[in-house]
Amino acid sequence: MNGFMRIAFEQAEAAARRGEVPVGAVLVGGGRVIAADGNRVEQLNDPTAHAEMQVIRAAAAVTGDGRLDGCDLYVTLEPCPMCAAAIALARVRRLYFGAYDPKGGGVEHGARVFDHATCHHRPEIYGGIDERRAAELLRDFFRERR
């Protein structure tokens, strides 16, 4: 696993400690981290505060540009349809993710946002990176809450 995905896992673990669903994301440009965060849905009382949305917003603020051409996104879980649409709108170059999400995913499952003719940008997609660890993190989190 590369260092950027390791940071995404650290962000996911931090989210779990805050009581959030353990998903972490890192947005990288020019070989350096521009933004890293985890889910903050509960903390912010914001259903759109997914890890991917947090780092896209932060990176756009840092760069002063809503188009993140040449940037790569690392996330521990397959993005949902909302996040996949934001990834397309931000023109993220490459998407790397850990666990697949057959129930709520929007990339390889469900809506398959990037496959629609109305989607104007499709990043390169690399899924299943350290999938077992990512899935275990989520399973452990939900098992503790039952």
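Atom set for the values below is all heavy atoms of this structure, side chains included, hydrogens, waters and symmetry mates excluded.
Proximity of Val92 to Glu52: side-chain heavy atoms (C-beta onward) are nowhere separated by under 4.5 Å.
Residue pairs meeting the ring-ring contact (aromatic ring centres under 6.0 Å, His included) criterion with at least one member in residues 25-46: none, sequence neighbours excluded. For residues 75-90, every residue pair satisfying the side chain to side chain donor-acceptor pair (under 3.5 Å) rule, not counting sequence neighbours, is listed here: Glu78-His109. The stretch residues 36-71 participates, sequence neighbours left out, in no ring-ring contact (aromatic ring centres under 6.0 Å, His included) pair at all. Pairs of residues two or more places apart, or lying in two chains, never qualify as ring-ring contact (aromatic ring centres under 6.0 Å, His included) while including a residue from residues 11-30. Sorted by first and then second residue, the ring-ring contact (aromatic ring centres under 6.0 Å, His included) pairs with a member in residues 111-146 read Tyr96-Tyr126; sequence neighbours excluded.
By the ring pair (Phe, Tyr, Trp, His ring centres under 6.0 Å) test, Phe4 is found to be paired with Tyr74, residues two or more places apart in sequence or in another chain being considered. Listed by chain and number, the residues in a side chain to side chain contact (heavy atoms under 4.5 Å, CB included) with Asn45 amount to none (sequence neighbours excluded). The salt bridge (charged side-chain N to carboxylate O under 4.0 Å, His left out) test applied to Glu144 returns no partner, not counting sequence neighbours. Residues satisfying the side chain to side chain contact (heavy atoms under 4.5 Å, CB included) test with Ala58, not counting sequence neighbours, are Ala35. Listed by chain and number, the residues in a side chain to side chain contact (heavy atoms under 4.5 Å, CB included) with Ala25 are Ala51, Val55, Leu73, Val75 (sequence neighbours excluded).
Nearest heavy-atom pair across Ala134 and Ala99 is CB-N, 3.5 Å. The shortest heavy-atom contact between Gly106 and Ala84 is O-CB, 4.0 Å.
Counting non-hydrogen atoms of other residues, nucleotides and ligands closer than 6.0 Å to CZ of Arg94 gives a total above 12. A 6.0 Å sphere centred on CZ of Arg145 holds more than 12 heavy atoms belonging to other residues, nucleotides or ligands.
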For residues 8-19, which side-chain N or O atoms pair as donor and acceptor with protein atoms under 3.5 Å away, sequence neighbours left out?
{"unit_1": "Glu13", "atom_1": "OE2", "unit_2": "Arg133", "atom_2": "NH2", "d": "3.0"}
{"unit_1": "Arg18", "atom_1": "NH2", "unit_2": "Asn39", "atom_2": "O", "d": "2.8"}

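Put simply, CD1 on Ile56 and CD1 on Ile34 are 11.5 Å apart, with the number rounded to the nearest 0.5 Å. Atoms CE and CD1, on Met5 and Ile7 in that order, are 11.5 Å from each other to the nearest 0.5 Å. Interatomic distance, Ile87 CD1 to Met53 CE, rounded to the nearest 0.5 Å: 9.5 Å. The CG atom of Asp65 sits 11.0 Å away from atom CZ of Arg91, with the distance rounded to the nearest 0.5 Å. Here Asp37 contributes atom CG and Leu27 contributes atom CG; the two are 12.0 Å apart, rounded to the nearest 0.5 Å.
Leu44 shares a hydrophobic cluster with no other residue; no ILVMFWY side chain has heavy atoms under 4.5 Å from its own.
The cluster map of Ile, Leu, Val, Met, Phe, Trp and Tyr, joined by side-chain heavy atoms under 4.5 Å apart, puts Leu138 and Tyr100 in the same cluster.
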Verdict with supporting geometry, Ile125 and Phe97, side-chain contact (heavy atoms from CB on, under 4.5 Å): CA-CA 8 Å; Ile125 301 167; Phe97 68 86; 3.8 Å; yes
Test log, rule side-chain contact (heavy atoms from CB on, under 4.5 Å), inputs Val113 and Arg122: CA-CA 9 Å; Val113 170; Arg122 178 188 173 88; over 6 Å; no
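Between the side chain of Glu20 and the backbone N or O of Val41, at least one donor-acceptor pair lies under 3.5 Å.
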